[in-house]
2 protein chains.
Amino acid sequence: MSEHNVKQNHATGVRHAQVTRDLMEGIASGRFPVGSLLPTEFELCGLYGASRHTVRVALDELVQLGLVSRRKRAGTRVEARTVPGSYRQSLASLEDLVQFGTARAREVQSTGEVTADPALAEALGCAAGSRWLRVSSLRLNGQADAPPVGWTDVYVDPAYADMPDLARTSPAILISTLIEERHGRRIAEVHQDVAAVALPDRLAGPLQAEAGSPALRVVRRYLDPAGEVFEISDTIHPAGRFTASSRLRRGRE
Amino acid sequence: MSEHNVKQNHATGVRHAQVTRDLMEGIASGRFPVGSLLPTEFELCGLYGASRHTVRVALDELVQLGLVSRRKRAGTRVEARTVPGSYRQSLASLEDLVQFGTARAREVQSTGEVTADPALAEALGCAAGSRWLRVSSLRLNGQADAPPVGWTDVYVDPAYADMPDLARTSPAILISTLIEERHGRRIAEVHQDVAAVALPDRLAGPLQAEAGSPALRVVRRYLDPAGEVFEISDTIHPAGRFTASSRLRRGRE
DNA sequence: GTTTAAGATATGTCCGAACATAACGTCAAG
DNA sequence: CTTGACGTTATGTTCGGACATATCTTAAAC
């Protein structure tokens with residue numbers, strides 16, 4: 001169909017990972033607008049030269065990430081997940097899809113190199129002496145009068161100095177994907193921890209909530225095949241602003 | 001609504017769901033002790049007379065539920081997920097696996113029919129006038145000196161009057177499975193919401209935490225193919241007692 | 001016009017097969 | 001005893017095919 005500029009970058013990893021990556025970028029870039037329908041499985045087979053099983057594995061990953069929904073349809077296609085109007089969103093897609101819509105802005109607050117903070121390092125589950133590039137951003141809901149839904153700190157390996165800039169224009173969920181593409185570091189696993197915490201003092205102002213009030217903390221770690229963490233995202237949501245939804249067993253949306 | 005107390009094996013649902021169900025029961029019953037290794041995929045094929053693909057789909061579900069972990073092995077088998085020593089557990093497996101070990105006790109606090117509580121109904125995402133059988137239980141960590149990790153209210157359709165009794169002896173995660181088996185109501189989907197809340201006053205005592213302090217609320221809804229909710233579980237974890245871990249993309253444990 | 005029925009379509013489920021690869025066990029070499 | 005090489009083994013990945021089923025579209029019937 002389209003020009004389909006083949007970015008033969010690294011051809012990293014397995015086939016279904018390539019499909020997953022390309023579809024993620026397609027959704028992020030607007031090639032597959034949020035709310036639209038993806039090509040059918042068979043069409044994707046043709047597009048990527050992969051078998052249907054491989055395509056389905058890729059779609060499974062996207063569903064698990066909350067980026068697309070699936071349902072039986074007829075004469076139509078798989079639906080790219082719509083951004084819900086409420087604050088109820090997928091754990092994986094929130095901090096990413098919130099900014100997918102063109103009108104949904106975010107503010108990148110700061111960037112810099114982070115030296116070891118023992119308490120923070122433990123919360124993030126990384127070595128105490130490790131150093132990271134940090135990109136902080138305020139998560140908005142798209143509605144002008146609504147308070148922010150969260151605050152995200154993204155930490156990347158200092159070796160990837162180009163990432164902080166990209167983080168300003170790319171959805172957070174794509175950062176690890178960009179590292180994968182540009183630096184050839186494959187994503188082997190993504191772990192996620194969710195916990196209740198007291199809202200830190202420093203975030204009380206930006207998030208317009210009382211310090212010490214209940215908040216949700218979501219920490220994600222991206223690991224390469226060697227098991228080494230090369231990216232961490234740390235998001236804090238004040239209570240009531242955000243409900244993380246996920247589907248434990250497959251079903252329609 | 002037919003309420004037959006038939007325990008005939010309905011052979012409900014699709015093949016991989018049967019395999020999933022049986023393995024869940026096997027893990028819960030101790031047939032596959034926590035920490036042990038499940039039969040290999042090929043052995044499971046023989047056991048259930050299913051293809052490897054079907055077995056893998058079933059295992060995928062169990063991994064997503066946090067009940068088993070997978071990794072490449074040699075001359076050995078898939079490892080049934082161990083109950084972590086720390087408070088860090090899978091969202092799906094916590095309230096269930098916590099009690100899998102024989103030494104891990106729980107206390108069933110109350111049982112009764114629940115009439116509509118508007119606030120609760122909204123929090124649970126069910127109709128305001130709906131009625132449910134409630135089974136409350138305190139979640140313990142197995143360590144005598146450790147404070148409880150959470151409080152769970154399980155709500156089931158009043159038609160299933162046998163469930164509250166079963167809930168006392170069966171892991172919470174199996175209740176919906178038991179309904180599926182004994183009443184033929186298939187689980188089509190399971191939705192899960194996670195949010196930060198202030199600890200309710202009534203739970204401050206049992207959970208040994210300050211009322212109003214940060215807490216994690218996990219609500220799960222079990223839906224049948226018609227989209228009707230027939231079970232709800234509502235768990236509240238005080239901050240610091242519990243970190244919910246999940247794996248967004250497949251990887252070893 | 002509204003409702004029903006039939007056909008078309010895409011996803012869900014299931015099977016079989018093959019090779020790649022990571023882990024493990026073993027055994028020989030240092 | 002420790003280390004390294006190597007074969008074994010089970011899972012990861014990929015392909016192919018087939019039928020079931022939900023859903024949409026269209027046409028017919030009332």
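Order of the sequence lines fixes the chain letters, A, B, ..., with proteins taken first and strands second; residue numbering starts at 1 for each chain.
Summarising the geometry, the separation between CD on B:Q18 and C1' on C:dT13 is reported as 12 Å, rounded to the nearest angstrom. Summarising the geometry, the separation between CG on A:L37 and P on C:dT11 is reported as 10 Å, rounded to the nearest angstrom. In this structure, B:Y48 places its OH atom 14 Å from P of C:dC15, rounding to the nearest Å. Rounded to whole angstrom, the span from the CZ atom of B:R56 across to the C1' atom of D:dT11 amounts to 6 Å. Per the geometry, CZ belonging to A:F42 stands 12 Å off C1' belonging to D:dC19, to the nearest Å. What separates CD of B:E41 from P of C:dC15 is a distance of 14 Å, to the nearest Å. The CG atom of A:D60 sits 12 Å away from the C1' atom of C:dT11 (whole-angstrom rounding).
In this structure, OG1 in B:T235 is found 9.5 Å from CG in B:L216, a value given to the nearest 0.5 Å.
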Hey, what are the protein-to-nucleotides 14-16 of chain D N/O distances that come in under 3.5 Å?
unit_1: D:dT14; atom_1: OP1; unit_2: A:R15; atom_2: N; d: 2.2
unit_1: D:dT14; atom_1: OP2; unit_2: A:H16; atom_2: N; d: 3.2
unit_1: D:dC15; atom_1: OP1; unit_2: A:R15; atom_2: NH2; d: 3.4
unit_1: D:dC15; atom_1: OP2; unit_2: A:S51; atom_2: N; d: 2.7
unit_1: D:dC15; atom_1: OP2; unit_2: A:S51; atom_2: OG; d: 3.0
unit_1: D:dC15; atom_1: OP2; unit_2: A:T54; atom_2: OG1; d: 2.5

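Ring pair B:F230/B:Y160 is perpendicular by interplanar angle, where above 60° counts as perpendicular and below 30° as parallel.
With axes fitted over five pairs at each extremity, the angle between the ends of the helix from C:dG1-D:dC30 to C:dG30-D:dC1 is 30° (10° resolution).
Remark: B:R31 engages B:D22, B:S29 in a side chain to side chain contact (heavy atoms under 4.5 Å, CB included) (not counting sequence neighbours).
Looking at heavy atoms from C-beta onward, B:L59 lies in side-chain contact with B:L23 at the 4.5 angstrom threshold. Side chains of A:I232 and A:V154 form no contact here, defined as non-hydrogen atoms less than 4.5 Å apart.
Using a 4.0 Å cut-off between a side-chain N of Lys or Arg and a carboxylate O of Asp or Glu, A:R221 and A:D193 qualify as a salt bridge.
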- Going through the checks in order, is the side-chain contact (heavy atoms from CB on, under 4.5 Å) test met by A:F42 and A:R52? CA-CA 6 Å; A:F42 286 110; A:R52 189 175 163 223; 3.7 Å; yes
- Between B:H53 and A:H53, is a ring pair (Phe, Tyr, Trp, His ring centres under 6.0 Å) present by the stated rule, with each step listed? CA-CA 11 Å; B:H53 175 71; A:H53 178 70; 5.5 Å; yes
